Student: 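Structure incoming, see below.
Letters A, B, ... are given to chains in the order of the sequence lines, protein chains preceding strands, and every chain is numbered from 1. Keep in mind that this is a model prediction, so the values were computed, not measured.
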Amino acid sequence: MSPEEQLEILKRNAVDLVSEEELLERLKEGRPLNIKLGVDPSRPDLHLGHAVVLRKLREFQDLGHHVILIIGDFTGMIGDPSGRNETRPMLTEEEVRENAKSYAEQAFKILDPEKTELRYNSEWLSPMKFADVIRLAAKYTVARMLERDDFNKRFKEGIPISIAEFLYPLAQAMDSVAIKADVELGGTDQLFNLLVGRKIMEEYGLKPQIVMTMPIIEGTDGKMKMSKSYGNYIAFNDTPKDMFGKLMSIPDNLITKYMRLLTDIPLEDIERYEQEMKERKVNPRDVKMLLAYEITKHFHGEEEAKKAKEEFINVFSKKELPSEMEEVEVINGENIVDLLVRIKAAPSRSEAKRLINQGGVKLDGEKVSDIKYAFKLDGEKVLRVGRRKFYKLIPKS
RNA sequence: GGUGGGGUGCCCGAGUUGGCCAAAGGGGGCGGACUGUAAAUCCGCUGGCAGAAUGCCUUCGGAGGUUCGAAUCCUCCCCCCACCA
């Protein structure tokens with residue numbers, strides 16, 4: 001494929017590309033380029049937010065390029081004071097290896113293992129002496145650091161920023177130096193860090209890497225970016241049922257964005273759906289079903305995706321019971337509140353009572369409205385708690 | 001090093017003439033109604049325990065103290081921020 005054609009494919013969906021000319025030039029060299037992605041080993045649960053970037057990497061691979069995943073074990077083992085509230089836990093070497101392995105396993109659901117290399121950044125960061133660090137730090141200024149949006153904001157608002165945090169972008173830049181990255185990818189929130197890499201590479205006499213950022217996708221709540229800490233994520237490892245269900249719970253206005261960034265559905269089709277939804281020719285629910293199906297299929301295969309879809313339609317559209325329910329043994333005479341807490345359908349007795357009072361607890365379709373209700377089962381019954389939790393109750397003799 | 005301002009429930013954020021504060025408001029979460037779905041919208045709930053009426057227990061950075069009674073006052077300690085040096 002010609003460099004120009006490659007560029008066309010690669011720049012699709014990208015938000016920033018610094019710079020297009022440089023990328024084209026590099027593609028013209030005709031060699032496999034080193035494509036870098038930094039990986040945080042403290043969060044080995046991959047979710048659809050990661051998938052956006054990984055899919056772009058896959059495109060590079062399919063065009064013959066070489067992907068290098070940098071496991072940030074060095075920074076991980078020190079503990080990352082960055083971000084906001086929670087300090088990330090310090091990891092042992094063992095944990096890091098394990099997490100990295102788990103990360104790779106998940107990432108290979110998208111990436112081609114043959115064209116992927118794993119590197120640990122402790123390899124080059126550990127041997128650095130304090131003097132080396134100071135020399136590195138001398139190459140960047142505080143003013144430039146404060147250009148980073150979140151630093152700037154925190155500085156203005158009086159939220160603490162530790163010196164260590166200034167060092168992290170520099171450490172990340174050293175990764176680029178070490179592997180002589182041609183291109184580094186990241187989410188748009190990484191733009192600043194990636195650009196630091198360019199500058200530092202130049203300082204070390206290398207050609208600056210090309211920087212490409214991908215959109216950040218919103219999580220299932222439709223507001224905040226998808227992230228484990230917001231609890232609005234859809235994980236690679238979610239069960240097909242969960243994955244499908246969570247995808248169905250995204251707000252309608254996110255449907256086509258997800259399609260563009262997370263599926264191979266042709267662009268023309270996506271645009272057509274967009275149009276049809278706008279003209280109300282088609283029910284957004286059905287388009288969303290297609291989306292949920294496509295993504296679930298990618299991660300779990302056709303078979304499972306079909307099952308998940310049927311299950312969803314049964315339970316939520318037809319209001320039937322799910323095919324699989326947790327089974328719970330009940331002794332006759334057990335109080336409903338006790339049971340809810342015992343099976344962890346409610347975190348506390350107060351919460352259980354609240355659920356009952358609000359009409360959220362049903363036994364074989366009948367609302368249970370009495371807190372003092374005691375079971376007297378003569379056979380299996382289905383207990384529904386809220387909208388999503390189902391239990392099969394089995395009388396215990 | 002000096003001066004001043006802060007640390008509140010899952011998060012943000014009111015509240016400091018001591019009681020009416022389990023603590024306003026928003027977000028999130030949960031439940032209900034409705035629906036085209038676990039979308040949107042509307043209503044309600046949201047520390048724990050106990051319960052049909054406002055009872056008890058544990059919460060407002062930490063440890064003590066004053067008081068019939070403290071998120072609110074005092075002492076010491078920890079942490080953050082700003083300005084000056």
Side-chain angles (χ1 to χ4, degrees), chain A residues 81 83-87 146 151-165 218-234 238-259 273-274 276-293 295-296 308-322 335-338 340-341 344-362 365-373 383-390:
Chain A
R84 325 200 76 282
N85 18 47
E86 332 103 76
T87 323
L146 286 176
F151 282 157
N152 197 278
K153 226 169 124 194
R154 284 202 276 158
F155 188 68
K156 277 186 191 151
E157 290 173 8
I159 300 166
I161 305 168
S162 76
I163 301 293
E165 288 182 70
E218 291 84 353
T220 50
D221 59 336
K223 283 174 197 146
M224 290 190 285
K225 72 169 185 177
M226 186 177 288
S227 145
K228 201 177 175 184
S229 38
Y230 296 144
N232 61 356
Y233 66 107
I234 301 172
D238 275 345
T239 62
K241 210 167 112 186
D242 272 354
M243 186 176 270
F244 197 95
K246 285 187 191 175
L247 283 162
M248 288 305 289
S249 80
I250 65 169
D252 291 351
N253 58 21
L254 238 50
I255 297 173
T256 52
K257 181 171 183 181
Y258 270 45
M259 279 189 166
Y273 295 137
E274 223 157 34
E276 288 178 348
M277 281 194 279
K278 214 170 163 190
E279 295 169 4
R280 299 179 154 274
K281 278 187 187 161
V282 66
N283 188 332
R285 181 198 57 186
D286 297 327
V287 182
K288 209 192 283 185
M289 285 245 187
L290 179 70
L291 168 75
Y293 177 77
I295 294 179
T296 308
K309 182 175 172 180
E310 277 168 31
E311 181 87 0
F312 185 87
I313 293 173
N314 282 340
V315 176
F316 295 106
S317 301
K318 299 189 187 161
K319 305 208 187 299
E320 288 173 7
L321 296 171
N335 171 268
I336 180 78
V337 176
D338 293 333
L340 290 175
V341 174
K344 296 194 167 63
S348 69
R349 299 177 59 79
S350 295
E351 184 68 34
K353 288 173 189 171
R354 214 172 278 136
L355 277 165
I356 295 165
N357 286 331
Q358 291 183 138
V361 177
K362 287 180 186 168
E366 297 278 318
K367 262 183 202 167
V368 178
S369 48
D370 183 9
I371 293 175
K372 287 178 179 154
Y373 177 85
L383 180 73
R384 183 173 190 174
V385 182
R387 287 203 260 198
R388 297 182 224 174
K389 289 183 202 150
F390 293 88

Student: Applying the Watson-Crick and G-U wobble criteria at under 3.5 Å, what pairs with B:G44? Answer none if nothing qualifies.
Tutor: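 Across any shown strand, B:G44 pairs with B:C30.
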Student: Measuring only between side-chain heavy atoms, which start at C-beta, is A:Y373 closer than 4.5 Å to A:V361?
Tutor: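 Heavy-atom side-chain distance check fails, nothing below 4.5 Å.
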Student: Which nucleotide, if any, forms a Watson-Crick or G-U wobble pair with B:G4, using both distances under 3.5 Å?
Tutor: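 Result: B:C81.
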Student: For a quick check, with a 4.0 angstrom heavy-atom cut-off, what is the B/S/- contact string for nucleotides 40-48 of chain B, read 5' to 3'?
Tutor: ----BSS-S
Student: C1' atom, B:C77 versus B:G7: distance in rounded Å?
Tutor: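 So the two C1' atoms sit 14 Å from each other.
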Student: Using whole Å, report how far OH of A:Y258 lies from C1' of B:A38.
Tutor: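 Value for this atom pair: 13 Å.
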Student: Starting at atom CD1 of A:I313, determine the distance to atom P of B:U37, rounded to an integer number of angstrom.
Tutor: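 Rounding to the nearest Å, CD1 of A:I313 and P of B:U37 are 10 Å apart.
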Student: If we take the P atom in both B:G47 and B:A22, what is their distance in whole Å?
Tutor: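 Straight-line distance between the two P atoms is 13 Å.
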Student: Find the distance A:N232:CG to B:A39:C1' and express it as a whole number of Å.
Tutor: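 Rounded to whole Å, this separation is 16 Å.
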Student: So, do A:L291 and A:I250 sit near enough that their side-chain heavy atoms are less than 4.5 Å apart?
Tutor: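 In contact.
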Student: Using Watson-Crick or G-U wobble geometry with both distances under 3.5 Å, which nucleotide pairs with B:C76?
Tutor: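 Result: B:G62.
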Student: Separation of A:I255 atom CD1 from B:A38 atom C1', in whole Å?
Tutor: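 Going from CD1 in A:I255 over to C1' in B:A38 covers 13 Å.
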Student: If you check every side-chain atom of A:R388, which of B:A38, B:A50, B:U37 has the closest atom?
Tutor: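 So the nucleotide nearest the side chain must be B:A38.
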Student: Distance check: side-chain N/O of A:K246 vs OP1/OP2 of B:U37, anything under 4.0 Å?
Tutor: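 So the side chain of A:K246 is outside the cut-off, no N or O lying under 4.0 Å from OP1 or OP2 of B:U37.
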Student: Below 4.5 Å, heavy atoms only, C-beta onward: do A:L290 and A:Y273 meet side chain to side chain?
Tutor: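 Answer yes - side chains close enough.
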Student: Roughly how many Å is it from CD in A:E218 to C1' in B:G27, rounded to a whole number?
Tutor: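 Spelled out: CD on A:E218 to C1' on B:G27 is 17 Å.
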Student: Now, which nucleotide makes the Watson-Crick or G-U wobble pair with B:A14, with each of the two distances under 3.5 Å?
Tutor: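 Its partner: none found.
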Student: Starting at CD1 of A:I234 and ending at P of B:U37, how long is that distance when rounded to a whole Å?
Tutor: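 Those two atoms, CD1 and P, are 19 Å apart.
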Student: Starting at the 5' end of RNA chain B, which residue's closest nucleotide do you reach first, A:D242 or A:R387?
Tutor: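 In this pair, the answer is A:R387.
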Student: Please report the distance, rounded to the nearest Å, between CD1 in A:I356 and P in B:G31.
Tutor: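 My rounded result for the distance is 14 Å.
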Student: Considering only atom P, compute the distance from B:G48 to B:C42 and round it to an integer number of Å.
Tutor: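 Rounded to whole Å, the distance is 27 Å.
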Student: Taking CD in A:E279 as the centre, count heavy atoms belonging to other residues, nucleotides or ligands within less than 6.0 Å. Is the count above 12?
Tutor: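 It does: A:E279 CD has more than 12 such atoms within range.
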Student: Does the side chain of A:Y258 come within less than 4.5 Å of A:K288's, by heavy atoms?
Tutor: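 No; the side chains remain at least 4.5 Å from each other.
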Student: Run the side-chain contact (heavy atoms from CB on, under 4.5 Å) test against A:I371 and tell me which residues pass, sequence neighbours left out.
Tutor: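 With neighbours one apart ignored, the set is A:V337, A:K353, A:N357.
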Student: Could you tell me how far B:G32 sits from B:A24 if I compare only their C1' atoms? Round to whole Å.
Tutor: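 25 Å, rounded to whole Å.
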Student: When we call it a touch if two heavy atoms are under 4.0 Å apart, what does A:G359 touch: a base, just sugar-phosphate, or nothing?
Tutor: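 Sugar-phosphate contact only.
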Student: Can a donor-acceptor pair under 3.5 Å be found between the side-chain atoms of A:R285 and the base atoms of B:A39?
Tutor: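 For A:R285, whose side chain was compared with the base of B:A39, there is no donor-acceptor pair (under 3.5 Å).
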Student: Taking the C1' atom of each, how far is B:G31 from B:A82, in whole Å?
Tutor: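 Those two atoms are separated by 45 Å.
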Student: In Watson-Crick or G-U wobble terms, both distances under 3.5 Å, what is the partner of B:A24?
Tutor: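 Here B:A24 is not engaged in any pair, so there is no nucleotide opposite it.
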Student: Is the closest side-chain heavy-atom distance between A:L340 and A:L383 below 4.5 Å?
Tutor: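 A:L340 vs A:L383: side chains touch.
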Student: Please report the distance, rounded to the nearest Å, between CE in A:M248 and P in B:A39.
Tutor: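 These atoms are roughly 10 Å apart.
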Student: Can you check whether A:T296 reaches A:K309 side chain to side chain, under 4.5 Å on heavy atoms?
Tutor: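 They are not in side-chain contact.
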Student: Using the P atom in both, what is the distance from B:G13 to B:G1, to the nearest Å?
Tutor: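 Nearest-Å result for B:G13 against B:G1 at atom P: 29 Å.
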Student: Taking only the C1' atom of each, what is the distance from B:G62 to B:C78 in whole angstrom?
Tutor: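 Per the computed distance, 7 Å lies between those C1' atoms.
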Student: Expressed as a whole number of Å, how far does the C1' atom of B:C60 sit from that of B:A71?
Tutor: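 One C1' to the other, the span is 5 Å.
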Student: What I'd like to find out is whether the side chain of A:D252 reaches to under 4.5 Å of the side chain of A:M277, using heavy atoms alone.
Tutor: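 SC-SC contact between A:D252 and A:M277 ruled out.
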Student: With nearest nucleotides of RNA chain B determined for A:N357 and A:S249 from heavy-atom distances, which residue corresponds to the more 5′ nucleotide?
Tutor: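 Its nucleotide being nearer the 5' end, the pick is A:S249.
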Student: Does a side-chain N or O from A:K372 land closer than 4.0 Å to OP1 or OP2 of B:G51, or not?
Tutor: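 For B:G51, OP1/OP2 do not have a side-chain N/O of A:K372 under 4.0 Å.
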